[in-house]
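Labels below follow one simple rule: chain letters A, B, ... track the order of the sequence lines, proteins then strands, and each chain is numbered from 1.
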2 protein chains.
Amino acid sequence: MNVTIADIAKATGLAKSTISGVLNQKSGFSEKTRQKVLKAAEQLGYVPNEIARGLSSRSTGSIGLIIKDITNPFYNHITKGVQEIAGEHGYTVFLCSSGEDHQAEIDHIQAMVRKRVDGLIIAPLLEEVTFDHFFELKKTNVPFVLLGKIPGLSCDTYEFDDYDGGRQVTEHLLSMGHTRIGFVRGPKTSKAAKMRYAAFVDTMKGQGIEVDERFVFHDANGITDGMDIGHRIAEMTDRPSAIICFDDVIAIGAVKALLEAGLQVPEDVSVVGFDDIELTTFPLTTVSIPTYEAGKALAWTLFDRIFGRRVSGFQHIMFEQKLIVRSSVRRLHHLKETEG
Amino acid sequence: MNVTIADIAKATGLAKSTISGVLNQKSGFSEKTRQKVLKAAEQLGYVPNEIARGLSSRSTGSIGLIIKDITNPFYNHITKGVQEIAGEHGYTVFLCSSGEDHQAEIDHIQAMVRKRVDGLIIAPLLEEVTFDHFFELKKTNVPFVLLGKIPGLSCDTYEFDDYDGGRQVTEHLLSMGHTRIGFVRGPKTSKAAKMRYAAFVDTMKGQGIEVDERFVFHDANGITDGMDIGHRIAEMTDRPSAIICFDDVIAIGAVKALLEAGLQVPEDVSVVGFDDIELTTFPLTTVSIPTYEAGKALAWTLFDRIFGRRVSGFQHIMFEQKLIVRSSVRRLHHLKETEG
DNA sequence: TTGTATGCGTTATCAA
DNA sequence: TTGATAACGCATACAA
């Protein structure tokens, strides 16, 4: 049913190797046979079988991308960047979502190896998980690039400077007169969540301000959690004046709930987030993260490895984060302790 | 380097076919050899080669998903649904974005066929394009399911009732007293854009109201176009009282621009969209579309075909759209013609 | 410039 | 219950 190079060989009276050669643009064939082969391929409706080609050539022309949540703008912009560069290289990408699930991440990596992808880009879970599967991956010799660093694992990595981002927002809130600041931590498997929180605590302590544990929310993920937390804050009699959310998705959820509860942002509660997602009308003060650029960079580095264009040691690149001040933070008058 | 079943055969003294058999859970092997094989596979660190398996078994365990824009919540929710069902079937998905580009769509379909995916889910461009590549695809016998119908092409299809959605929003605006209604059409390759606009025009005419061409914007796509249009509307001296946007992304862009220009929504201009994306705080009146459910349904149908579970004729399913009234539409007093 | 032979790692069909 | 052996479709080293 399916026409193969053997069929073309039969039709033209040439050998399979000749067909294969001209189809792969190799030199050393007379124009006459080239035309004959091309014409026959066209007429028979030949469609190269990349599976067979992959088996023989040990290169599939596919890469794998393992992210956490395709629904989050953060990841779909990374995805977009990766796709774009992959396309430029004639590559196709398998998209896998781990959804903050450790086992899913392991399964996806193994599936990608079994599918013999030429390379892998992974945004790994970094906290409260084991990393054995990455050391196993390393052994397979499949090139991979990570968004994040895994202790003791040598490979190319990209990172966002989450600690610095956390510092910037905290300092911003402080400079606007806030001291009763709440914090919504992201998924417990997220290192970004950990770093941002650490920066928050450090910066607060640096100013001699105690972090109020009642205002710290743990393990939030997605807009639903953001809304829950917003509602809880709305119900507090003794509310924080500002709240730092792990990401814009959570922040938007929180703002939604706050508004629903009849409160104003920033008049009643100031809210800031991370990621600078564009798809919202709310003037959220946030931290911008170059996700699309990172996606492209991740892919470039991976293809450098795949094509052996980079032979030197592994590279580790840190992207900066940048505070974007809009109007979701209220400027507080400098109040005396007693008035708080 | 890579361990194969031949290596396991050598190590155990058994035949390749035996190894293959037990590894694929086939019956008819003694428990003793089963254990021997499994143990050896484990010890040698055997990783099945899905490429070789695919070549031999003519099934790759991969499907392709071709959408228009991974960055748009509409498509990433469809993607999420597809991924989920694919995962349940032990399948992996190639994600391709056509980006409203006809040639890209063609190229992606061909790439998927060359990669011998077991099936394909496609959200095709439906207007101002040719469909030859779909008839070619049909010839390949690769099962596929479409989000949308292609004239003369028999295959499983899902659709959203865009005409009805368009009718609903238009009637809503009319019922709120609006008559000077603007319309932002989506991409010119989009049939949804065409249907929604047709419904708008018909419904307006049904009420004896003329559509003002000055308020109709063509070929808009993405938040940037939405903002452009918002700015243009803000600058008009003679403005529509309401504007229907092709989707929420455009609507959000328009609202953003309107607010930036110092106008109020809905006080100065009412805005409605389509898709009901959750990731925004703005109380946008919109039309909800079951994208996630559609993604799952598309995948279910595809797997029915792949596994031959469905042998009957092709199915055509239409999903309903539902108006979600929030507060981005102002209620107008019934004005006399002269006062308008 | 073209052809032959072999291998890629599996699955599948028969025999044994 | 197990083992040879032939596909699967292509690439490639080598021979002609």
Side-chain angles (χ1 to χ4, degrees), chain A residues 1-38 40-41 44-62 110-111 113-118 140-142, chain B residues 1-38 40-41 44-62 90 111 113-118 140-142:
Chain A
M1 184 106 283
N2 243 310
V3 17
T4 73
I5 56 171
D7 298 323
I8 304 182
K10 211 173 295 170
T12 56
L14 295 164
K16 287 200 299 179
S17 57
T18 306
I19 312 298
S20 173
V22 333
L23 254 27
N24 288 308
Q25 342 249 34
K26 300 246 160 100
S27 58
F29 296 97
S30 70
E31 190 54 27
K32 200 175 125 200
T33 50
R34 278 199 60 245
Q35 290 309 326
K36 191 153 53 163
V37 170
L38 263 23
L44 297 175
Y46 172 69
V47 179
N49 184 327
E50 297 279 353
I51 296 298
R53 186 199 294 259
L55 182 59
S56 184
S57 68
R58 325 179 133 283
S59 157
T60 54
S62 307
Q110 291 179 345
V113 174
R114 286 198 301 268
K115 299 239 171 182
R116 297 297 191 270
V117 291
D118 292 350
T140 65
N141 284 321
V142 175
Chain B
M1 183 106 283
N2 244 311
V3 18
T4 73
I5 55 171
D7 297 324
I8 304 182
K10 212 173 295 171
T12 56
L14 295 164
K16 287 198 303 178
S17 53
T18 306
I19 312 298
S20 174
V22 333
L23 254 26
N24 288 307
Q25 342 250 36
K26 297 246 162 101
S27 59
F29 296 97
S30 71
E31 189 56 27
K32 200 175 124 201
T33 50
R34 278 198 62 243
Q35 290 309 327
K36 192 154 53 162
V37 170
L38 263 23
L44 296 175
Y46 171 71
V47 180
N49 184 327
E50 297 278 354
I51 295 299
R53 187 198 293 258
L55 181 59
S56 186
S57 69
R58 327 179 130 284
S59 158
T60 53
S62 308
V113 174
R114 285 197 302 267
K115 300 240 172 180
R116 294 299 191 267
V117 291
D118 292 349
T140 65
N141 284 320
V142 176

Open item on the list: Using C1' atoms of five pairs at each end, report the bend of the helix from C/dT1-D/dA16 to C/dA16-D/dT1 rounded to 10 degrees.
Closed with: 40°
Task: Summary of salt bridge (Lys or Arg N to Asp or Glu O under 4.0 Å) pairs that have at least one residue in residues 10-30 of chain A, sequence neighbours excluded - done: none
Task: salt bridge (Lys or Arg N to Asp or Glu O under 4.0 Å) partners for A/R116, two or more places apart - done: none
Task: Donor-acceptor contact below 3.5 Å, side chain B/D7 vs main chain B/T4 - done: yes
TODO: Under the side-chain hydrogen bond (donor to acceptor under 3.5 Å, both in side chains) rule, collect the residues that match up with A/T18, sequence neighbours excluded.
DONE: none
Task: Short side-chain donor-acceptor distance under 3.5 Å, A/K115 and B/S62 - done: yes
Task: Listed partners of A/D118 passing side-chain hydrogen bond (donor to acceptor under 3.5 Å, both in side chains), at least two apart - done: A/S59, A/T60, A/Y91
TODO: May I ask you to list the residues of residues 7-14 of chain A, by number, that have any heavy atom positioned under 4.0 Å from an atom of DNA chain C?
DONE: A/G13, A/L14
Open item on the list: Suppose we screen for side-chain hydrogen bond (donor to acceptor under 3.5 Å, both in side chains). Which residues come up paired with B/T33, at least two apart in sequence or across chains?
Closed with: B/S30
- [ ] State whether a side-chain donor-acceptor pair under 3.5 Å links B/N2 with A/R58.
- [x] no
Open item on the list: B/V142: which residues meet the side chain to side chain contact (heavy atoms under 4.5 Å, CB included) condition with it, sequence neighbours left out?
Closed with: B/V117, B/L137, B/T140
Task: B/R114: partners by salt bridge (Lys or Arg N to Asp or Glu O under 4.0 Å), with sequence neighbours left out - done: A/E50
Task: Contact boundaries on DNA chain C for chain B, cut-off under 4.0 Å to non-hydrogen atoms - done: C/dG9 to C/dA12
TODO: Mind checking side-chain hydrogen bond (donor to acceptor under 3.5 Å, both in side chains) for B/E31 and listing every partner two or more places apart, or none if nothing turns up?
DONE: B/R34, B/Q35
- [ ] Mark up nucleotides 5-16 of chain D, 5' to 3', with B wherever a protein heavy atom is under 4.0 angstrom from a base atom, S wherever such an atom reaches only the sugar-phosphate, and - elsewhere.
- [x] --BBBBBB----
Open item on the list: Let me confirm one number: the CD1-OH distance from A/I19 to A/Y46, rounded to the nearest 0.5 Å.
Closed with: 9.5 Å
